4 protein chains.
Amino acid sequence: MDFNDKQKQIIETAEQLFADRGFEGTSVRDIAEEAGINVAMISYYFGSKEKLLEALFSYRAGDTVQQLEGMIHHKVLAPLEKINLMIDFYINKFQRQQCFFKIMMREQVASQHGVTSGLIQHFKKRNQQLVKQLIQEGQKTGEFSKNIDVPVLMATLIGTTGHLMATQHFYREINHLQEMPDEQFQKLIKKKLSVHLKFLFKAILTHEI
Amino acid sequence: MDFNDKQKQIIETAEQLFADRGFEGTSVRDIAEEAGINVAMISYYFGSKEKLLEALFSYRAGDTVQQLEGMIHHKVLAPLEKINLMIDFYINKFQRQQCFFKIMMREQVASQHGVTSGLIQHFKKRNQQLVKQLIQEGQKTGEFSKNIDVPVLMATLIGTTGHLMATQHFYREINHLQEMPDEQFQKLIKKKLSVHLKFLFKAILTHEI
Amino acid sequence: MDFNDKQKQIIETAEQLFADRGFEGTSVRDIAEEAGINVAMISYYFGSKEKLLEALFSYRAGDTVQQLEGMIHHKVLAPLEKINLMIDFYINKFQRQQCFFKIMMREQVASQHGVTSGLIQHFKKRNQQLVKQLIQEGQKTGEFSKNIDVPVLMATLIGTTGHLMATQHFYREINHLQEMPDEQFQKLIKKKLSVHLKFLFKAILTHEI
Amino acid sequence: MDFNDKQKQIIETAEQLFADRGFEGTSVRDIAEEAGINVAMISYYFGSKEKLLEALFSYRAGDTVQQLEGMIHHKVLAPLEKINLMIDFYINKFQRQQCFFKIMMREQVASQHGVTSGLIQHFKKRNQQLVKQLIQEGQKTGEFSKNIDVPVLMATLIGTTGHLMATQHFYREINHLQEMPDEQFQKLIKKKLSVHLKFLFKAILTHEI
DNA sequence: AATGAATGAGAATTCATTCAT
DNA sequence: TATGAATGAATTCTCATTCAT
């Protein structure tokens, strides 16, 4: 999908507000005001508030899985190294697109009737497919154990990352890091998550315990 | 807090709708209709929609931590066994109160200005305190490794459980379990999570890898 | 259908405005203002603007045909006298409910997709059925000619009455009757139409020409 | 008034939509879309939506009366034959310009404040004048009765024709003619009306009853 | 001459809450 | 204690029109 500059501006403003207040908790007036545009422009460019959300999804989630696929398939790496690559890819995505992932987390919790549930479903399926392949590679070489439950594994990656990101203010507080510059804090949290999740994945996949 | 039967009925109806459609996505009319009561009763009993949400939180989250504390302190168990007890306690809570936890997950993602964020914050702090104590016990006896990051650990427990619970329809679909009776499916998912998380916690806490 | 006083007040206000400005040309704000009530009351009582129009139709057109049937069947009259009774009944209805019939005339012209077209259709069918019976009575006794086209006949009655009523301001002007009190003018126009249409009907039905 | 091709195209598209949905029920966007032109062109060419309606009236109603006058005055015919000519002229006009006459019927019902009411008024006056002359001719020769109410007579012609045309779908249905090709149906209805109205006019004008 | 972008005003409707009883 | 009626504010969206090009 191609969006012009004004559309991008609206989408990005909406993203921040949706992340902060939820889709229903954000009015088109709020978005228009924040973006410094006329309310009618949202209908003009996207048709409706719902279609703006869809546009946001296609803007953000567009090629995430493709990127991941490209990254993993075109490198010559041991299976576990590919898994680690994927872990870092996810953490990075999550961190760079925190607003979008907050929205996704919320939408995921909601009932399955919304406009986004189909998109998320599709996205998740392709992603699980890819991870399954990676794991099967490792199982063929004997490096990985049998009986790996991919959805549970991915729930660990996404659930842990999402939860820590979403509650990072709490993490700061409990560790008395309120004064740390955000850039530094993001690096810290990324490192923490990376080490933690790679350790967990290795434990599960290789069962060396 | 004491709630009479009508209040409980309202709270429980609201809980289901909030879980399904979000707080902002649910109108007091929806709640009143679903609960078979008059719209005015919600303002009458709780003052406002926001205060109904607060009431829901105090109704559900009231003594969770106390229950956990009681359960753990009054048993003579090895540190890891206590940790395992806590893991199962959480999974059980989550599973029995899926609606409430869906709401909490959403609210947690939101900005820190809502009425619930204070309550959640408080709840989380007490809980992390408790886990910290449990871990320190294990560290004293030498069973647990040093340098355990409690918030990251808890993010793993809560994030993974929450994510899997929230996306259970997807888990059913990907494993072709759409026809399985819900009771059986809940048992299955609980067992899966229990084994998975206990394994992860042991790996992290004992570092035997 | 039962309507309370407030509902009747809204319906009657809406009727006048719809007659004057058309359905689409009248806003719920206009109605609310004119009726001296809050805008939200219209949604509250009727659900929507469209349903208000439906309510108006069931309020006005409810038992028109029934009244006519009762009136005609329970009298012992010659066929032509029954026809004359019907003509006067229509003229009277039209005159007493000018606003409503203006709305009906407009809706009748519109495409057949609106909410009212079904109601009008139904109303027209029952009515034509009744007239057909009356005419067949006259045909059995030999008083009326064969080959009477009922829809064309009714188009003459309704079309002529409707047109003259709708353009009565023009009739006043062309006959220099602008100063005549409305009551008197209505009587005049009613008499004119009555004589005119009875003459036409007699001519067509008895073919004495 | 002179209209270029594009203007004519817009006018004719607007005519169809106004006839179907009413003036207020049609948006300039609808017209633009249907006509395959830019929304701004309507304002550009006509100034406003209202002025487009005025343009439509001057486009259609322009020389109708002149045509009728020319037709009647330049023929040497008996008064009743001239009347019959006029009846057919009207039926033909109505049938060939159904959309336009639907609009006129609606506008005629409306309050006398619209942009079109003046135009319609003017048109009607000239027309009644002409008919009056025709009738006076007949009265002078003794062929026509005295005391003919011209507006009532014209209401019969216009009201009956308009009503039958506007409800032709109903006429088809009641006579089980849904499958008849439109061309054939239009001929049928024209013939029916012609015979019917000529009979009625003769009856009234010559009073041979 | 023609148009895509933009807009303020107004549309219908829903909202949480209050009021009178 | 409980509620049907009522309402002002806010919701999303559409409207006819204008502007810059």
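Proteins get letters first, then strands, A, B, ... in listed order; numbering begins at 1 in each. Quick caveat, the model's predicted, so the values are computed rather than measured.
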Could you state the atom-to-atom distance from CD1 of D:I31 to C1' of F:dC15 in whole Å?
12 Å
Atom CD of D:E24 and atom P of E:dG10: how far apart are they, to the nearest Å?
15 Å
Row check, B:F170 ring normal vs A:K124 NZ/CZ: under 6.0 Å, within 45°
yes
Write down the distance between CD (A:E33) and P (F:dA10), rounded to a whole number of angstrom.
12 Å
With a 6.0 Å cut-off on ring centres, are B:F100 and B:F57 close enough?
yes
B:R29 vs C:F23, nearer the 5' end of DNA chain E by closest nucleotide
C:F23
Keeping the roles fixed (side chain from C:S48, backbone from C:K51), state whether a donor-acceptor pair exists under 3.5 Å.
yes
Scan the side chains in residues 36-44 of chain B for donor-acceptor partners under 3.5 Å anywhere in the protein, sequence neighbours excluded, and list what turns up.
{"residue": "B:N38", "atom": "OD1", "partner": "B:A40", "partner atom": "N", "Å": "2.7"}

I'd like to know whether D:R21 forms a salt bridge (charged side-chain N to carboxylate O under 4.0 Å, His left out) with D:D30, so could you lay out the CA-CA distance, the side-chain angles of the two residues, the decisive distance to 0.1 Å, and finally the verdict.
CA-CA 11 Å; D:R21 317 177 189 178; D:D30 294 338; 3.2 Å; yes
If only side-chain N and O atoms of D:K6 are considered, is one of them under 4.0 Å from the OP1 or OP2 phosphate oxygen of E:dA2?
no
Atom CD1 of A:I37 and atom C1' of E:dT7 are separated, to the nearest Å, by 11 Å
Do you know which of C:Q121, C:E107, C:E54 makes side-chain hydrogen bond (donor to acceptor under 3.5 Å, both in side chains) with C:T116?
C:E107
Measuring to OP1 and OP2 of F:dT14, would you say a side-chain N or O of D:S27 lies under 4.0 angstrom away?
no
Is there a donor-acceptor contact under 3.5 Å linking the side chains of C:E12 and C:Y59?
yes
Nearest whole angstrom, please: distance from the P of E:dA1 to the CD1 of D:I10.
14 Å
Counting Watson-Crick and G-U wobble pairs with both distances under 3.5 Å, what is the dot-bracket string for DNA chain F, 5' to 3', using [ ] for crossing pairs and | for pairs to another strand?
.||||||||||||||||||||
Under a 4.0 Å heavy-atom cutoff, the residues of residues 38-53 of chain B touching DNA chain F are B:N38, B:A40, B:M41, B:Y44, B:Y45
Checking D:K102 against D:F18: charged group under 6.0 Å from the ring centre and within 45 degrees of the axis?
no
Measure from CG on B:D30 to P on F:dT11 and round the result to the nearest Å.
18 Å
Could you state the atom-to-atom distance from CZ of C:R21 to P of E:dA11 in whole Å?
11 Å
Report the distance from atom CE of A:M105 to atom CD of A:Q98, rounding to the nearest 0.5 Å.
11.0 Å
